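The chains referred to below are lettered A, B, ... by the order of the sequence lines, with proteins before strands, and numbering in each begins at 1. Remember, predicted model here, so these are calculated numbers, not experimental data.
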Number of protein chains: 2
Amino acid sequence: MQLNSYQPNRLDITFAALADPTRRAILERLMTGEATVTELVKPFSLSQPAISKHLRVLEQAGLVSRGRDAQKRPVRLEAQPLAEATVWLEHYRQIWEANYQRLDTLLEELKTRSETPTPKGAKQ
Amino acid sequence: MQLNSYQPNRLDITFAALADPTRRAILERLMTGEATVTELVKPFSLSQPAISKHLRVLEQAGLVSRGRDAQKRPVRLEAQPLAEATVWLEHYRQIWEANYQRLDTLLEELKTRSETPTPKGAKQ
DNA sequence: GTTGTATATTACTATTTAGTTATGCAACTA
DNA sequence: TAGTTGCATAACTAAATAGTAATATACAAC
């Protein structure tokens, strides 16, 4: 958005965070419970700072939160933004499906109607 | 992903497409039915090429498809990727909530158990 | 055939993103 | 106190993104 600096909202940030496969993998790992940064680094062929960066993105999206245990900074999942994103998706998907349904029945209606003598531009 | 060129998968592309507020607004508009490009440009203070670009992103994500009507290229919503994204979110959200629930009931259980004189690591 | 309308494409710019290596720092451990 | 562990931060680079203005194309209408 070049000039006119746009303030990204919650949904922007959540979806952007979810758009990266590494970050989704981190979330999946966290489904099984808390993890430290080094534990999260292990499964990936990425540097520790790279993972720390991803964690920052996830944290800013509110998708994870951090604790403190000596020099460790355990990461745990926070599900609320996932819930919000789901609500958005579900809402619009359902509206669409309702419309689709309506279109479907409309087409059905038109088809049966065309079986009776059709006026208009009918090539018949 | 710098070198080692990573092929973005469906979920990457879908979430990335949904991360932009303009694109979400376009999808919302399309919930009310098909629209031409110029119709989609109107509500925004963006140039026509900018909207065309957004449409390309949405199309590549499979979230919209295009028709043809003379020089117009009507855009309509396709809901399947929305469904897939919803499935992902719902899946992980539910796992998380299950864990959360389990932790909750576990804590509850521990609390009530501690009211009877239960010996330490007692399996009863 | 000229003009107008709807959209795509091109060429360019600024910003953001995802990665790297190197370094810093806090807290535990011997 | 010296070394080690766990993580963050800094400085940099390459690539992707979101926008622009200008131009091209394709069809319609006169």
Side-chain angles (χ1 to χ4, degrees), chain A residues 1-9 11-27 29-30 34-61 63-76, chain B residues 1-9 11-27 29-30 34-61 63-76:
Chain A
M1 251 134 201
Q2 220 154 237
L3 216 101
N4 209 1
S5 67
Y6 165 75
Q7 270 294 62
N9 67 30
L11 229 36
D12 293 358
I13 295 172
T14 303
F15 282 131
L18 293 175
D20 186 283
T22 301
R23 285 192 293 261
R24 286 201 309 280
I26 289 175
L27 293 180
R29 164 63 185 79
L30 292 176
E34 277 197 359
T36 67
V37 176
T38 8
E39 281 166 358
L40 291 173
V41 170
K42 247 175 253 167
F44 299 99
S45 54
L46 292 179
S47 65
Q48 170 262 310
I51 299 297
S52 282
K53 269 192 172 184
H54 280 304
L55 290 175
R56 237 176 88 88
V57 173
L58 289 170
E59 192 177 10
Q60 307 219 112
L63 284 162
V64 306
S65 61
R66 327 278 315 254
R68 188 179 281 278
D69 171 17
Q71 62 280 74
K72 299 175 194 168
R73 307 291 316 276
V75 187
R76 66 178 166 287
Chain B
M1 252 129 203
Q2 219 156 237
L3 216 101
N4 209 358
S5 68
Y6 166 75
Q7 269 293 63
N9 67 31
L11 229 37
D12 293 357
I13 295 172
T14 303
F15 282 131
L18 292 175
D20 186 284
T22 302
R23 286 194 290 261
R24 285 202 309 281
I26 289 174
L27 292 179
R29 164 63 186 80
L30 291 177
E34 277 196 359
T36 67
V37 176
T38 9
E39 282 165 358
L40 291 172
V41 169
K42 246 174 250 165
F44 299 99
S45 55
L46 291 178
S47 65
Q48 171 261 310
I51 298 297
S52 282
K53 269 193 173 183
H54 280 305
L55 290 176
R56 238 176 87 88
V57 173
L58 290 170
E59 192 177 8
Q60 307 219 112
L63 284 161
V64 306
S65 61
R66 328 277 316 251
R68 187 178 283 278
D69 171 17
Q71 61 280 74
K72 298 175 194 166
R73 307 289 317 275
V75 187
R76 66 179 166 287

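- Straight-line distance from the CG atom of A:L46 to the C1' atom of D:dC7: 16 Å, rounded to whole Å.
- Residues A:T38 and B:A50 both approach DNA chain D. Their nearest nucleotides, taken by heavy-atom distance, put A:T38 toward the 5′ side.
- The interatomic distance linking B:R56 (CZ) with D:dA18 (P) rounds to 13 Å, in whole Å.
- Protein atom CD of B:E39 is 10 Å distant from nucleotide atom P of C:dA6, rounded to whole Å.
- Side chain of B:R73 to main chain of B:G67: a donor-acceptor pair is present (N/O by atom type, distance under 3.5 Å, no hydrogens or angles).
- Atoms NZ (A:K53) and C1' (D:dC12) sit 10 Å apart, rounded to a whole Å.
- One finds a side-chain N or O of B:S52 lying less than 4.0 angstrom from the OP1 or OP2 phosphate oxygen of C:dA8.
- Residue B:S47 places at least one side-chain N or O under 4.0 Å from the OP1 or OP2 atom of D:dT20.
- Between the NZ atom of B:K72 and the C1' atom of D:dA29 there is a distance of 13 Å, rounded to whole Å.
- When each of A:P49 and A:A16 is assigned the nucleotide of DNA chain C with its nearest heavy atom, A:A16 is the one assigned upstream, toward the 5' end.
- Side-chain N or O atoms of B:D69 include none that pairs as donor or acceptor with a backbone N or O of B:K72 at under 3.5 Å.
- Not one side-chain nitrogen or oxygen of B:H54 sits closer than 4.0 Å to the OP1 or OP2 atom of D:dT17.
- Under 4.0 angstrom from either OP1 or OP2 of C:dT7 there lies no side-chain N or O belonging to B:R66.
- No donor-acceptor pair closer than 3.5 Å links the side chain of B:Q60 to the backbone N or O of B:V57.
- To the nearest angstrom, P of C:dT7 lies 11 Å from CZ of B:R68.
- If you take CD of B:Q71 and C1' of C:dT3, they are 13 Å apart, rounded to a whole angstrom.
- Taken to the nearest 0.5 Å, the CD1 atom of A:I26 stands 4.5 Å off from the CD1 atom of A:I51.
- A donor N or O paired with an acceptor N or O is not found under 3.5 Å between the base of C:dA6 and the side-chain atoms of B:Q48.
- Remark: C1' of C:dA18 and CD of A:Q60 are 15 Å apart, rounded to the nearest angstrom.
- Of the possible polar contacts, one joining the A:R23 side chain to the A:A16 backbone as a donor-acceptor pair under 3.5 Å is found.
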